[in-house]
Colleague: 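One structure is given below, represented as structure tokens, and several questions about it will come after.
Chain identifiers are assigned alphabetically (A, B, ...) following the order of the sequence lines, protein sequences preceding nucleic acid strands; residue numbering begins at 1 within each chain.
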2 protein chains.
Amino acid sequence: KVPLSGIMRGSSGPLVPGRVPPAGALFAGPPLLSALTFPPHGAAEASLGPPVTRAPGPSLTWRGPFETLHGGRGEEEEPKLCLESRDLWMEFHKHGTEMVITKSGRRMFPPLKVSCSGMDTAARYILLMDIVSVDDCRYKFQRHRWTVAGKADPEAPRRVYIHPDSPATGRQWMSKAVTFTKLKLTNNLSDTRGFTILNSMHKYQPRLHLVEASDLLRLPLSTVRTFVFTETQFMAVTAYQNEQVTQLKIDNNPFAKGFRDAGNGRREKRQ
Amino acid sequence: KVPLSGIMRGSSGPLVPGRVPPAGALFAGPPLLSALTFPPHGAAEASLGPPVTRAPGPSLTWRGPFETLHGGRGEEEEPKLCLESRDLWMEFHKHGTEMVITKSGRRMFPPLKVSCSGMDTAARYILLMDIVSVDDCRYKFQRHRWTVAGKADPEAPRRVYIHPDSPATGRQWMSKAVTFTKLKLTNNLSDTRGFTILNSMHKYQPRLHLVEASDLLRLPLSTVRTFVFTETQFMAVTAYQNEQVTQLKIDNNPFAKGFRDAGNGRREKRQ
DNA sequence: CACTTTTTCACCTAAGTGGCAACT
DNA sequence: TAAGTTGCCACTTAGGTGAAAAAG
């Protein structure tokens, strides 16, 4: 039970053989930066048809523009990401998920959580998340409904969140569900902490990007696979609009336990 | 004030240009592992003379065995690490610093904190910490004094703690003090979490190692510089022995505030 | 016995919640 | 006004303290 290696990396837990420290040198510089500047909604999805704004069926998974640069890998299995806690996401989704954004940064709830499969156990991967706008509209919430309230505000600076376990081997990614709890949302356009900047009252779609880090030497030709779970779409808000969404947050987020009723776990409907 | 890059790495804060994600591939495997298995106290310091067990003067800084593998860099400046909070360390040191070790892992207090200078702003470095025994003795605390109580117990498995910001550019290391707060000490020989394993009632010396990661391709020939601050030596204990040390901890560690007296910040001396 | 280690505890820090009043 | 945003609050989780008692 003693780890074979005596090397530990700060915040990422024990460093067993295969668990590796950061791979900076090859990652920096213009080539990768551009490779990581994933196309915005409009450009990226144009070739795939309009976005599924309301998703009645299961999630849509599609590939990014770089995937085609490498041909098929023959009989090799394809990496897959499966959304965890899908039931909870669907509960929110059917009411219209809302995520609070604040100046100081706010986590998402639920957090995006995926289980991985089909990866090359020995290959090294980087897992990224970004959030793109779903459409060109600004919304308002009136009479218990979201309605379009005009054209979208200017797009905020694009940010990419690299999962802190990156890079890791396929074996490690597949060994347990991967959670993006630490990602934070803000409406502060001049944020310097790397938080994801969104416009309030706009609709967004989180995306995950899987980058094969073994190909880092030949970036930006790396294989990049993009995964989209439409049931994770949400409206960015500075204060909750739909009180059914509020109640779902209170009922399911441990940090909001203080707002639950003692007995039945339900709060009296106010007003 | 807006970061130039929109890339953020999970737990390590914003990823500005030059702040890079992990560099795994080149880091794993036998060559580096052996390079990172720094020589134990006895072997490493043999050529430099006996360790300074009690340091009346300023810290001693010396270089590791790999440093000589690369010749001098001509007129280039040499990297330097300067210990922060030296006054506090000296307060502890003059009484004989003690650090508690537990099965579940305990932080150090004070934490090792250094400011960096003289680095190549563009080069990439990894900063490591390990803790080596100062001598071959087991100690006991009797009549308010530490005295030798026999020969040292068998050495615990050697562990190395990689600072979570690693690797980063010289510019980044030099931009603000670097703290090793998250390192944890344990006496659990079968620890699987990568904590640093120590023997209770033995004397230890923390060390910092600066590795030029630009040379990763040719490890283990990399330049490694080792820095030792003798005023950070400490005795590993499972319970504090010297009550003056206990009082210094209570007075200075925010987490121990509950044991401070309300008024004067001093607790009544018990028994 | 003498000495060291383990466990549990009250008390803290640090930070994630939605409510709400004040502000724009 | 009406709609949206901000700051502060009580409450929560999560985890870092030494004390004290219990155990070895």
Colleague: My understanding is that only residues two or more places apart in sequence, or in another chain, count here; which of them pass side chain to side chain donor-acceptor pair (under 3.5 Å) with B:Ser115?
Modeller: B:Glu84
Colleague: Taking side chain to side chain contact (heavy atoms under 4.5 Å, CB included) as the definition, give me every residue that meets it alongside B:Met108, ordered by chain and number, with sequence neighbours left out.
Modeller: B:Trp89, B:Met99, B:Leu112, B:Met129, B:Ile131, B:Leu183, B:Leu185, B:Pro206, B:Phe234
Colleague: Starting at CD of A:Glu243 and ending at P of C:dC20, how long is that distance when rounded to a whole Å?
Modeller: 12 Å
Colleague: When you check the gap from the basic side-chain N to the acidic O, do A:Arg159 and A:Asp191 get nearer than 4.0 Å?
Modeller: yes
Colleague: For B:Leu248 and D:dT17, give me the distance from atom CG to atom P, rounded to whole Å.
Modeller: 15 Å
Colleague: Can you list everything that forms a salt bridge (Lys or Arg N to Asp or Glu O under 4.0 Å) with B:Arg138? Sequence neighbours excluded, please.
Modeller: B:Asp153
Colleague: Nearest whole angstrom, please: distance from the P of D:dT12 to the CG of A:Asp251.
Modeller: 15 Å
Colleague: Can you name the atoms? Protein N/O to nucleotides 12-17 of chain C N/O, anything below 3.5 Å, with the distance.
Modeller:
residue: C:dT13; atom: OP1; partner: B:Lys257; partner atom: NZ; Å: 3.1
residue: C:dG16; atom: OP1; partner: A:Lys184; partner atom: NZ; Å: 2.8
residue: C:dG16; atom: OP2; partner: A:Lys184; partner atom: NZ; Å: 3.2
residue: C:dG16; atom: N2; partner: A:Phe255; partner atom: O; Å: 3.1
residue: C:dT17; atom: OP1; partner: A:Asn253; partner atom: ND2; Å: 2.9

Colleague: Got a sec, which residues hit salt bridge (Lys or Arg N to Asp or Glu O under 4.0 Å) with A:Lys151, two or more places apart in sequence or on another chain?
Modeller: A:Asp136
Colleague: Between D:dT5 atom C1' and A:Leu198 atom CG, what is the distance in whole Å?
Modeller: 16 Å
Colleague: Could you list all N or O pairs between the protein and nucleotides 4-7 of chain C that sit under 3.5 Å apart?
Modeller:
residue: C:dT5; atom: OP2; partner: B:Ser200; partner atom: OG; Å: 2.8
residue: C:dT5; atom: OP2; partner: B:Thr238; partner atom: OG1; Å: 2.8
residue: C:dT6; atom: OP2; partner: B:Asn187; partner atom: ND2; Å: 2.7

Colleague: Is the distance from OP1 or OP2 of D:dA3 to the nearest side-chain N or O of A:Gln142 less than 4.0 Å?
Modeller: yes
Colleague: Please name all residues satisfying side chain to side chain contact (heavy atoms under 4.5 Å, CB included) with B:Lys140, sequence neighbours left out, ordered by chain then number.
Modeller: B:Gln142, B:Thr147, B:Ala149
Colleague: For B:Asn252, give me all partners under side chain to side chain donor-acceptor pair (under 3.5 Å), at least two apart in sequence or on another chain.
Modeller: none
Colleague: Need the bend value for the helix from C:dC3-D:dG24 to C:dT24-D:dA3: angle between end axes, 5 pairs each end, nearest 10°.
Modeller: 10°
Colleague: Can you tell me the distance, in whole Å, between the CG atom of A:Asp153 and the C1' atom of D:dA3?
Modeller: 14 Å
Colleague: How long is the line joining CG of A:Asn252 and P of D:dT13, in whole Å?
Modeller: 15 Å
Colleague: Which residue, A:Glu91, A:His93, A:Glu231, forms the side chain to side chain donor-acceptor pair (under 3.5 Å) with A:Arg86?
Modeller: A:Glu231
Colleague: Could you pull out all residues at least two apart from B:Asn242 that satisfy side chain to side chain contact (heavy atoms under 4.5 Å, CB included)?
Modeller: B:His95, B:Glu98, B:Phe141, B:Gln244, B:Val245
Colleague: Once you round it to whole Å, what is the distance between P of D:dT5 and NE2 of A:His202?
Modeller: 10 Å
Colleague: Side chain to side chain contact (heavy atoms under 4.5 Å, CB included) with B:Pro254: which residues, sequence neighbours excluded?
Modeller: B:Phe109
Colleague: In whole angstrom, give the distance that lies between atom CZ of B:Arg260 and atom C1' of C:dA10.
Modeller: 16 Å
Colleague: Restricting to side chain to side chain donor-acceptor pair (under 3.5 Å), what partner residues turn up for B:Thr232, sequence neighbours left out?
Modeller: B:Gln205
